[in-house]
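Just below is one structure, and these are the notes that go with it.
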Amino acid sequence: MRSLLLAVLAAYVVSAIHAVLAFLNKRRALQRVSEWAMGAGFALHTAALIADWAIDGHYPLFYPRETLSFLAWTLVAAYALVLYRYGARPLGAVTMPLVSLLTFIAVIIRPATSDRAEASSLAASWLFPVHTTLLLFAYGAFFVVFLASIMYLLQERELKLKTFSAIFHRLPSLTMVNEIATSSAAIGLTLLTVGIATGMVWASSRDGRLWHNDPKEIFAALTWLLYLLLILYRSSASWRGSKAAWMGVAGFALVLLTFFGARLMGGYHVFG
Amino acid sequence: MSIVLIGINHKSAPVEVRELLAFSESACSEGLRTLVDGDVVREGLIVSTCNRVEVLAETAAERLGDTLERVNHFLTRTDSVPRSFFESHVYQHTDDEAVRHLFRVTSSLDSMVVGEPQVLGQVRRAYSIALEAGTAGRILNRLVHHAFRVAKRVRTETGIGANAVSISYMAVELGKKIFNSLEGHTALLIGAGEMAELSARHLVKAGVSRVLLANRTAERAQNLAGELGGETIQFDELPRHLAEADIIICSTAAEEYVITEQMARESLARRRNRPSFFIDISVPRNIDPAVGKIRNVFVFDIDDLESVISSNIREREREAERAELIVESEIMQFQQTLRVLDIGPTIGALRNKLQGIARSELTRQRNRLGPLTAEQEAAIEALLVSTVNKISHPLLSHMRRSSDSSDAEAIQAWRDIFGLEE
C-alpha cells in the first residue's frame, strides 16, 4: 500500500504548503486549496489504513511505520474538527507540515517483515484496536491543546509587552484559543481514560495483571494525572490563562515521552 | 477612447488651495452637467472630499487635447483666483495613468493614512451623483466598478486595513483580540472625554452589548448614556461595577489613580479570572501601572497605544507594496476590458476584412470576365462592396448594441468568430 501512502503524502504536502502560504498571505483561495488537499489526503489515508488492515490481517497500528501513519491520520482528524468547530485556520500551518513529516517517515521506514506471528497474536484481541486507537486520538487532542496553549502564550506575552509581531494579527483570539485548549483537553482526557482502562482490561485478560510498571504505563499515568489537574484547575474558575497554557505545554512534553521515550526504555509495551 | 483624470489632493496642495476647488454635492451634479457636453467630454465624475478634488472624464482618443483643456478649465473655474495659481498643484493623468490613479485612490493607497477605507464610500457617493446626473456611461461604469473590485481585492488579500491606526479603533481591535467577539460584552467608560466617547461608539458598533458610564458630572454622562443606550453609574460605585466590565476606558482628569491594583484584583476574582482589558487615555494616568502586571488583565496606556499605532502604520506601508502589485495587474485586466468595449476598431477591422474578401475574390475571377470598361469594373466592385455591406449591416449594428450594453462576452465572441485578434 506504499503507492497509496505516497499519494496521501503528496496531498498532505500540497495542503501543508498552502496552509503555510495562507497563513502568511491571508489568501482565502490558498486556504481552500489547503483544505481540499487535506480532505483528499484524509480520504485516501483512510482507504490506505483499511487496505492495510485487510491485506496484512492485523489492525494497522502495530509497527512504527503503521503507528506514525495512524498518528498522522488522527492529527488530521483533530485539526479538521477544530477547523469545523472554531474555524481556527492558523493551526493548519503547523499541523499539516507535521502531518506531512510523519507520513513521510512512515513512507520511508522499511516495513518490518519479522514478528508477523507476534503481530497477529497480539492484535488478535478486539481490545487491541480499541486501546491503541483511543490513545492515539487522545494524543491528537493533546496536540491541539499544545498548539492552542502555545498560541495563547505567544499572544499573551505580546499583549503584556505591547509589541506585536507580524504573526500576532494572524492568530485566533485569546478567548478562542483558550476555548479550544479547554475543550480539547476534556476530550483528550476522556479518550485517555477509556484508552488506559481498555489497556488494563486487555492486560489482565492476557496475564491477569493490570499494571506492569512498564515505563509507558508510568508516563501514561503521569500524563493522565497532569491533564486531570489541568481540567480541574481550569474548571475551578472560568478562565485560567497562562498557567493553564503552560500546563498544556508540559502535558504535551509528557505525551511525547510516553509515545517515544517509553519505547527506548523497553518494557511490557513492545510496540510503538 | 481616452480616460482623463485631473485633480489635486492632500499631497499636491495645501488645504487653502483644496478648499478653493472643492465641490458641494449639489455643485457636483450641476458641474457635471456643464462639463459633460457629449462631444468633447462624453462621460464625467467628480470626487470631492476634504483630501482631494478630482475630475474623471472619458473622451474620444482624438479629442484628448480638447478634453484636457476643458477639464482643466472646468476644475480651476473660480473667478477670484487666476488659473495659473493652481498650475503647480494640479496633476493630470491620462489613460493607464488615470486608471492607476483611480485604482490607488479606491484601494486607499493614496489616502492620508494608507489603508483608511473612508475614501471608498466617498467615491461610491461621487459615482451615484454622476449616475443621477446621467454623466456616468458605459466606460465610467466599467471603470468605477472595476476600481471597487480592486479595492475589495486589496482589502481581502493584503493587510493594508488590518491593523488599527487610531486609538478608538485600537480599543475595538485589541478587544476582539482578547474576547474574540465583542458581542455580549460590557464596556465601562470612566470619564466621558471626546476620545473615550469616540471609542465607545466604535465599540457599540462592533457589537458591545452594554455600556456603563461613570462621570463626575452626572449630566454629561447622562447625555452620552442616552445617545449610546448605556447606563450611568455613580463614581463611588466604581469598585462594585468594575467586575461587570470587560473593557474599561479611563479618561478622567483625576490626579490620582482611579483604578488601583487592589480594585483590579478584587474585580478579577469576582470575574473568576475572566480577562479584562483596560485602556487608559488620561494623562496623568488613571490606572495604577501595577494593574498591568496582574495575570489576565491587559492595560494599555496612551503611550502603549501610540507606539502600537506607529508600528501598525509601518506594517500597513509594507502591505501597501503588495497592494501596488495587485493594482498593476488589475490595470492590465482593465486594458483588456477597454479593448473589448472600444467597439470602433473592432467594427473597422471587420468591415476591412469582409471588403478585403470581396476584392480578393474579384481579383481571382477577374480574367474570366474578359475585357471590361473602367465604368463596368467600378460597377462590379461597387456591387460587391455594397453587397458585403448590406449583408454585414445587421451584424455591425448588433455589435454596436452589444457594445452599448457593455456585453463584453458577445464582443469577444464576434472577434473570435472573425479572427480579428491579430
Side-chain angles (χ1 to χ4, degrees), chain A residues 21-32 82 85-90 148 151-183 230 232-247, chain B residues 152-164 170 173-185 246 268-279 291-312 314-316 318-319 322 325-326:
Chain A
L21 289 178
F23 179 67
L24 296 176
N25 286 342
K26 297 204 270 198
R27 302 237 341 224
R28 297 254 166 79
L30 292 169
Q31 178 63 28
R32 267 198 298 278
V82 176
R85 175 73 180 77
Y86 296 98
R89 299 185 185 90
M151 287 180 180
Y152 186 94
L153 292 170
L154 274 177
Q155 296 189 84
E156 197 214 25
R157 198 182 116 85
E158 298 198 354
L159 277 170
K160 285 286 186 190
L161 292 177
K162 285 123 187 171
T163 44
F164 302 134
S165 64
I167 66 162
F168 177 83
H169 300 289
R170 293 174 164 81
L171 295 178
S173 67
L174 280 189
T175 297
M176 188 188 274
V177 289
N178 185 62
E179 252 179 69
I180 293 175
T182 310
S183 47
L230 172 65
L232 291 177
Y233 179 64
R234 273 191 191 273
S235 58
S236 67
S238 64
W239 185 289
R240 284 300 187 180
S242 59
K243 273 193 201 158
W246 279 115
M247 282 173 85
Chain B
K152 194 174 170 208
R153 236 193 105 186
V154 164
R155 204 136 275 279
T156 51
E157 292 180 19
T158 74
I160 194 168
N163 309 328
M170 199 70 147
E173 190 177 287
L174 290 173
K176 282 187 176 163
K177 192 75 223 185
I178 295 168
F179 302 112
N180 199 37
S181 150
L182 297 182
E183 265 152 52
H185 286 85
D246 304 291
L268 189 66
R270 299 238 313 269
R271 292 170 60 76
R272 304 186 69 222
N273 274 323
R274 268 180 301 126
S276 42
F277 171 33
F278 289 84
I279 301 167
V291 173
K293 301 220 163 57
I294 307 173
R295 269 178 209 280
N296 299 335
V297 174
F298 302 98
V299 181
F300 282 74
D301 65 30
I302 189 91
D303 276 6
D304 300 331
L305 293 171
E306 296 287 357
S307 90
V308 174
I309 284 170
S310 63
S311 91
N312 282 354
R314 283 195 300 277
E315 171 72 15
R316 279 188 180 199
R318 272 195 295 278
E319 290 296 307
R322 285 179 44 207
L325 295 180
I326 293 176

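So you know, we letter chains A, B, ... as the sequences are listed, proteins then strands, and number each from 1. Given the structure is predicted, the values throughout are model-derived calculations rather than measurements. Side-chain atoms are counted along with the backbone in the values below, which use heavy atoms only and exclude waters and symmetry mates.
Salt-bridge annotation for B:Glu319 and B:Arg316: absent, with no side-chain N of the basic residue lying under 4.0 Å from a carboxylate O of the acidic one. A salt bridge does not link A:Lys162 with B:Asp303: none of the charged nitrogens is closer than 4.0 Å to a carboxylate oxygen.
Heavy atoms of B:Ile294 lying under 4.5 Å from chain A belong exclusively to its backbone. Residue contact with chain A, scored on non-hydrogen atoms closer than 4.5 Å, is absent for B:Leu305. Heavy-atom distances place no part of A:Tyr86 under 4.5 Å from chain B, backbone and side chain included. With a 4.5 angstrom heavy-atom cutoff, B:Arg318 does not touch chain A via any of its atoms. Of the two parts of B:Lys176, only the backbone, made up of N, CA, C and O, holds a non-hydrogen atom closer than 4.5 Å to a non-hydrogen atom of chain A. When heavy atoms are compared at a cutoff of 4.5 Å, A:Ser236 approaches chain B solely by way of its backbone atoms N, CA, C and O. Heavy-atom distances place both the backbone and the side chain of B:Asn180 under 4.5 Å from chain A. Neither the backbone nor the side chain of A:Glu179 has a heavy atom closer than 4.5 Å to any heavy atom of chain B.
Looking only at heavy-atom pairs under 4.5 Å with chain A, the residue among B:Val299, B:Leu174, B:Asp304, B:Asn312 that has the most is B:Asp304. Interface summary for chain B: among A:Lys243, A:Arg240, A:His169, A:Arg170, the most heavy-atom pairs under 4.5 angstrom belong to A:His169.
Partners of B:Arg272 under the salt bridge (charged side-chain N to carboxylate O under 4.0 Å, His left out) rule, at least two apart in sequence or in another chain, do not exist in this structure.
The shortest non-hydrogen separation linking A:Ala244 to A:Leu230 is O-CD1, 3.4 Å.
Ring-plane geometry between B:Phe300 and A:Phe164 is classed as tilted, the angle between the planes lying from 30 to 60 degrees on a 0 to 90 degree scale.
Side-chain N/O atoms of A:Ser165 and A:Glu158 include a donor and acceptor closer than 3.5 Å. Side-chain contact check for A:Asn178 and A:Arg234: at least one donor-acceptor pair (N or O, by modelled atom type) lies under 3.5 Å.
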